[in-house]
Protein chains: 4
Amino acid sequence: MTDTETAYRVTADEIRTIVERIERLDQEKADIAETVKEVFAEAKGRGYSTAILRKVIARRKKEADELAEETALLEMYENALEGK
Amino acid sequence: MTDTETAYRVTADEIRTIVERIERLDQEKADIAETVKEVFAEAKGRGYSTAILRKVIARRKKEADELAEETALLEMYENALEGK
Amino acid sequence: MTDTETAYRVTADEIRTIVERIERLDQEKADIAETVKEVFAEAKGRGYSTAILRKVIARRKKEADELAEETALLEMYENALEGK
Amino acid sequence: MTDTETAYRVTADEIRTIVERIERLDQEKADIAETVKEVFAEAKGRGYSTAILRKVIARRKKEADELAEETALLEMYENALEGK
DNA sequence: CGCTTAATATAGCCAC
DNA sequence: GTGGCTATATTAAGCG
């Protein structure tokens, strides 16, 4: 095998390793996403609103000050629409 | 041409017509979506927050009573999280 | 009217114009979507499977997208090989 | 504690459990996404084009999806021809 | 840092 | 009417 061939083989192996690592991680993420769906489905089965649960979770993620800022802007725009 | 061939031809023509009508309509929808994007881009250029504009538009679409109901549920869930 | 009031009024008018343009465009999209539904309903009435029609249309769309993507990837590889 | 209070408490506990399970899973997903970023960064450091790597991975995923869809469409056609 | 593209979440629709 | 599925809308990430 020539040096060029060896270098190519090494590169090819590296690329394959990288691609497979990413694909493995993507699969793990997909599995977790599946579990999340199941939890929501179970919650729905117990009579809870998944839409509201999602909103609650989203709100908890969002910082309080950011929320306040957004609310203020939102009110301003809505006032504009009401011609105030 | 046999009767079978004729029937097949008619069916094929019908299918083609249906598919092309749908594709034409889908294209029109895509064109309008493109225009919407342009309007938002222009608004952004004038200094408006597209995120808030989207929220305002979404809210206007939603009926008032539905909004109230959602808010009530949301508060209930949040109270639950605070252990109240 | 003070300058401040005038500026605010102008802004409010601009926001209203933007929101109403978007809402108008959204309505047009909804109308087209309605027409699409009618075409599918008519096709179903003539005995065609809407599921298959949808898949065929999706396939045709995907083929067009694939072609564009194929070209993009090819160009990327070529650029990479040229060390760009 | 009244029965009503007990029922409410149980509900509150359930909601908290659901929300916390989701948040835990979301955190795990975020951690994996972080690892993916690190793998790409490392690959970039070794001189590989992350853009091409991403396209290759997307392509491999799409091929797998395509195969499944192809089969589904084929079965649909076969069922349609059998008048099912 | 903005701007374009990919990931995700939501909503609507269709079949059962 | 519900559940799965597709399509759209929103959000996040990566690149220059």
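Proteins get letters first, then strands, A, B, ... in listed order; numbering begins at 1 in each.
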Approximate separation, where rounding is to 0.5 Å, of B:Glu23 CD and B:Ile18 CD1: 12.0 Å

Atom pair distance, as rounded to whole Å: NZ in C:Lys29 and C1' in F:dT8: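 Roughly 7 Å, once rounded to whole Å.
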
Protein-nucleotide distance (A:Glu42, atom CD; F:dG3, atom C1'), rounded to Å: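 The distance from CD of A:Glu42 to C1' of F:dG3 comes to 17 Å, rounded to the nearest Å.
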
Check: A:Tyr77 side chain, B:Ser49 main-chain N or O, donor-acceptor pair, under 3.5 Å: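 Yes, the answer is positive, given that a donor and an acceptor are paired below the 3.5 Å cut-off.
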
Test side chain to side chain contact (heavy atoms under 4.5 Å, CB included) applied to A:Ile22 and D:Val56, D:Thr35, D:Val36, the passing residue: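 For A:Ile22, the side chain to side chain contact (heavy atoms under 4.5 Å, CB included) test succeeds with only one of D:Val56, D:Thr35, D:Val36, which is D:Val36.
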
Worked verdict on D:Lys62 versus D:Asp65 for salt bridge (charged side-chain N to carboxylate O under 4.0 Å, His left out): CA-CA 5 Å; D:Lys62 186 172 286 181; D:Asp65 294 348; over 6 Å; no

Closest approach of D:Arg16 to D:Asp13 (non-hydrogen atoms, all atoms of both residues):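 For D:Arg16 versus D:Asp13, the nearest heavy atoms are NH1-OD1, 3.0 Å.
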
May I have the list of side-chain donor-acceptor pairs in residues 24-32 of chain D shorter than 3.5 Å, sequence neighbours left out?
from, atom 1, to, atom 2, distance (Å)
D:Gln27, NE2, D:Asp31, OD1, 3.0

Closest-nucleotide ordering on DNA chain F, the 5'-leading residue of A:Lys44 and D:Lys44: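 It is A:Lys44 whose nearest nucleotide is closer to the 5' end.
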
Sugar-phosphate, base or nothing in reach of B:Lys37, heavy atoms under 4.0 Å: nothing

Terminal contacting nucleotides, 5' and 3', DNA chain E versus chain A (heavy atom, 4.0 Å): E:dT8 to E:dT10

Pairwise 5' ranking along DNA chain E for D:Asp26 and C:Glu34, keeping only the more 5' one: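 Whichever sits nearer the 5' end wins; that is D:Asp26.
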
Positions of residues 47-71 of chain D (non-hydrogen atom under 4.0 Å from DNA chain F), listed by number: D:Thr50, D:Arg54

Intermediate values then yes/no, salt bridge (charged side-chain N to carboxylate O under 4.0 Å, His left out), D:Glu70 and C:Arg59: CA-CA 10 Å; D:Glu70 200 93 21; C:Arg59 170 66 51 95; 3.6 Å; yes

Salt-bridge contact C:Arg46-C:Glu42 (side-chain N to carboxylate O under 4.0 Å): yes

